[in-house]
Amino acid sequence: MSRANDKTLPRTTRTTSWKVRLALVLLTGLAVATVFFTNRLLTDRFTETTRNRAELRLVLYSGNLLSELRQNAIVPQLLARDPALISALNSDDYTQSTQRLISFIDEIGAASLTLLDEDGRSVATTDRNSLGESHRGQPYFIDAIRSRDTIFTLRQQDTGRYDFFYSRRIESQGELAGVILVEVDLGKYERAWAGISDAVVVTDSEGAIILSTEPRWRGLSEAEALARQPVTSAVQRAIQVTADWTSLPPDAYVAGEAVMRVEGRVAFRGWRIASFTTYASVREKVNGFLALEIMGFAILLALAFYFLNRKTAVRMALFQRESAELRALNLRLQREIAERVRVQETLAVAEQTLAQSSKLAALGEMSAAVSHELNQPLAAMKTYLAGARLLLSRNRPDEAVSSFQRIDDLIERMGAITRQLKSYARHSGDTFEPVNMGDSLASALAMMEPQLRERRVTIERALPEAPVMVMGDRVRIEQVMINLLRNAMDATQGVPDARIDLVLAAGDDAILTVRDNGDGIKDTENLFEPFFTTKQPGDGVGLGLAISSGIVNDLGGRLTARNAASGGAVFEMRLPILEAEAQAAE
């Protein structure tokens with residue numbers, strides 16, 4: 001009987017050992033299959049995420065480029081009409097021209113500004129080293145004097161770097177006086193991209209690389225640039241292919257490394273932008289998840305071996321040592337995961353910052369407000385010119401000179417208005433002075449007199465006997481008053497017996513109330529937002545109230561709007577009143 005028992009024990013042990021081995025093989029197979037499918041799934045997901053982020057970055061990059069180009073495109077048109085520069089070209093006196101260009105450079109954001117005379121010689125420039133150089137044979141000079149529009153030109157230097165220019169001819173009395181040259185600084189984007197993406201290139205309509213985070217690629221086509229450092233041997237190529245274990249094939253090879261290529265379009269002269277992103281971030285993320293899975297299966301296997309070999313002290317010690325190593329690996333993996341999460345959060349903050357900067361690109365389009373702001377002075381000038389012509393025909397030159405003096409004042413006012421338009425994007429540095437609100441209102445009404453007479457609008461004024469003084473800029477205050485009067489006139493268009501009430505009061509603040517009997521305000525929430533308008537297309541650009549609100553805020557006041565109980569709209573401009581003691585000090 002004991003012999004039978006002795007024979008049974010080995011058979012049971014062998015059976016148990018066979019089942020344990022099968023369980024271990026199945027567990028190992030499950031681990032391999034899990035890691036394999038997890039690898040493919042996560043690789044696809046993280047690769048797509050990386051591609052989406054690259055596409056988002058390209059949209060932001062192209063938006064920044066387009067914003068910079070559009071912002072600088074309007075500069076030659078404005079400077080070509082600058083009276084000081086035209087006068088300097090006519091008189092050959094350029095003593096103040098360079099300083100005037102330097103005063104514009106910070107506000108414009110261009111790389112350099114250069115004034116060329118009719119012979120192509122640099123007579124004023126923000127880069128003093130190039131003063132006196134001849135640009136007669138340069139394309140931007142030749143094309144500018146042949147055209148009346150703004151010309152965009154590319155020029156490649158000997159170092160391979162590209163320069164970008166906007167140029168426009170300057171005319172005086174219909175004749176060529178010179179050329180204004182604006183150099184656009186796009187190199188700053190190359191430097192910014194180099195710190196975020198692996199490689200970024202911008203190509204022109206002919207496929208030549210004009211901007212790149214890799215300086216040696218400039219001037220080449222994309223295919224030539226990528227072929228500069230190919231994999232040098234078949235063995236290295238084979239190793240590279242096996243190393244790129246991602247499920248998606250590589251789009252290109254840069255310096256022998258597989259990269260993901262994402263392309264976008266820049267809405268400017270057929271330009272295109274492309275980025276090359278390595279798969280390193282994808283591998284790191286997938287490896288982190290795979291390491292956790294492998295660690296989990298390793299723990300299961302370790303437990304299995306522990307229970308199989310718990311009677312052996314040597315194997316128990318070995319298992320403890322392996323467990324300690326696994327714990328250390330777990331800690332290292334946790335630290336790596338925490339670091340990657342921090343990097344991802346930093347990237348998200350950077351992307352939000354780039355999105356905010358693209359919104360600010362809309363400020364480059366504010367040059368369209370020039371015609372909106374200068375409409376009233378131009379109409380007044382037309383009236384004065386007609387009156388001067390009539391006076392001259394009646395041989396009354398002295399009175400005609402008075403009209404010409406008024407036209408000269410209006411031209412000065414127009415120049416001041418164009419300077420003040422910049423205040424929406426940047427605060428002006430002009431000094432303030434005491435301003436009589438009653439005198440400013442009278443001046444604004446005088447400028448609006450032709451339109452008021454043509455529209456037959458009744459103006460009711462209620463002014464205090466004592467002067468209402470504030471500290472500010474008279475031109476900007478009159479600009480706000482003109483905008484409020486113009487909006488009131490537009491609101492009463494088509495209304496019988498149109499009427500505008502003007503009430504000036506002095507208390508803790510100086511309050512100017514403009515009330516009309518129009519249809520009222522339909523959307524008061526977005527009324528002071530830039531480019532918001534309820535007018536028909538072509539009748540307004542939606543900048544008048546936004547600029548007016550910015551001016552009043554700069555002066556320490558507040559501009560509000562509401563609907564009157566009896567109908568119509570009411571606008572109130574509140575400014576801090578200038579006390580008698582402060583007036584005496586002034």
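Remember, predicted model here, so these are calculated numbers, not experimental data.
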Lys188, NZ: over 12 other non-hydrogen atoms inside 6.0 angstrom: yes
Worked verdict on Tyr166 versus Ile74 for side chain to side chain contact (heavy atoms under 4.5 Å, CB included): CA-CA 9 Å; Tyr166 277 109; Ile74 197 65; over 6 Å; no
Ile108 versus Leu113, closest heavy-atom pair with distance: CD1-CD1, 3.9 Å
Criterion side chain to side chain contact (heavy atoms under 4.5 Å, CB included) on Asn553 and Leu555, from CA distance to verdict: CA-CA 5 Å; Asn553 290 338; Leu555 298 177; over 6 Å; no
Ser147 (side chain) donor-acceptor with Asp143 (main chain) under 3.5 angstrom: no
Close side-chain approach of Leu154 and Phe165, heavy atoms under 4.5 Å: no
Note, Ile337 side chain near Leu292 side chain (heavy atom, < 4.5 Å): yes
Gln173, CD atom: more than 12 neighbouring heavy atoms under 6.0 Å: no
Pair Asn90, Ser172: side-chain N/O donor-acceptor within cut-off below 3.5 Å: yes
Glu68-Asn72 side chain donor-acceptor pair, cut-off 3.5 Å: yes
Whether over 12 other heavy atoms sit under 6.0 Å from Arg340 CZ: yes
Spacing of CG belonging to Leu101 relative to CG belonging to Leu79, to within rounding of 0.5 Å: 7.0 Å
Ile145 side, atom CD1; Phe141 side, atom CZ - distance, nearest 0.5 Å: 4.5 Å
Aromatic ring pairing Tyr140/His135, orientation class (parallel under 30°, perpendicular over 60°, tilted between): tilted
Pairwise distance CD1(Ile209) to CH2(Trp217) - rounded to 0.5 angstrom: 6.5 Å
Heavy-atom side-chain contact between Tyr189 and Val200 under 4.5 Å: no
Val179 versus Ala144, closest heavy-atom pair with distance: CG1-CB, 3.9 Å
Step-by-step side chain to side chain donor-acceptor pair (under 3.5 Å) determination, Asp127 to Ser112: CA-CA 7 Å; Asp127 183 9; Ser112 66; over 6 Å; no
Considering all heavy atoms, the nearest Leu65-Val266 contact: CD1-CG2, 4.5 Å
From Arg261 atom CZ to Glu222 atom CD, the distance as rounded to the nearest 0.5 Å: 4.0 Å
Candidate pair Arg342 and Glu339, rule salt bridge (charged side-chain N to carboxylate O under 4.0 Å, His left out), full reasoning: CA-CA 5 Å; Arg342 186 187 65 80; Glu339 180 65 18; 2.4 Å; yes
Check: Arg558 and Met573 side chains under 4.5 Å, non-hydrogen atoms: no
Side-chain donor-acceptor pair present, Thr95, Asp93, cut-off under 3.5 Å: yes
Minimum side-chain heavy-atom gap Ile86-Ile170 below 4.5 Å: yes
For Gln138 against Arg155, the heavy-atom pair lying closest together: OE1-CD, 3.8 Å
Leu58 versus Ser275, closest heavy-atom pair with distance: CD2-CB, 3.9 Å
Under 3.5 Å donor-acceptor, Ser91 side chain and Ser87 backbone: yes
N-O pairing of Glu206 and Arg269 below 4.0 Å: no
Distance-minimising heavy-atom pair for Arg168 and Asp149: NH1-C, 3.5 Å
Atom pair OG (Ser97) and CG (Leu89), whose distance is rounded to the nearest 0.5 Å: 7.0 Å
SB check Arg272 Glu263 (cutoff 4.0 Å): yes
Side chain proximity check, Thr114 to Glu183, heavy atoms < 4.5 angstrom: no
Check: Asn52 side chain, Glu48 main-chain N or O, donor-acceptor pair, under 3.5 Å: yes
Gln96 atom CD: more than 12 heavy-atom contacts under 6.0 Å: no
Electrostatic pair Glu478-Arg474, nearest N-O below 4.0 angstrom: yes
From CA spacing to verdict: side chain to side chain contact (heavy atoms under 4.5 Å, CB included), Tyr61, Ile273: CA-CA 8 Å; Tyr61 293 168; Ile273 185 171; 3.7 Å; yes
Glu190 side chain to Ser212 backbone, donor-acceptor under 3.5 Å: yes
Check against side chain to side chain contact (heavy atoms under 4.5 Å, CB included), Arg100 and Asp82: CA-CA 10 Å; Arg100 184 166 182 81; Asp82 188 79; 2.8 Å; yes
Any side-chain heavy-atom pair of Arg146 and Ile142 under 4.5 Å: yes
Gap between atom OG1 of Thr126 and atom CD of Gln99 - 0.5 Å precision: 11.0 Å
Heavy-atom side-chain contact between Asp92 and Asp117 under 4.5 Å: no
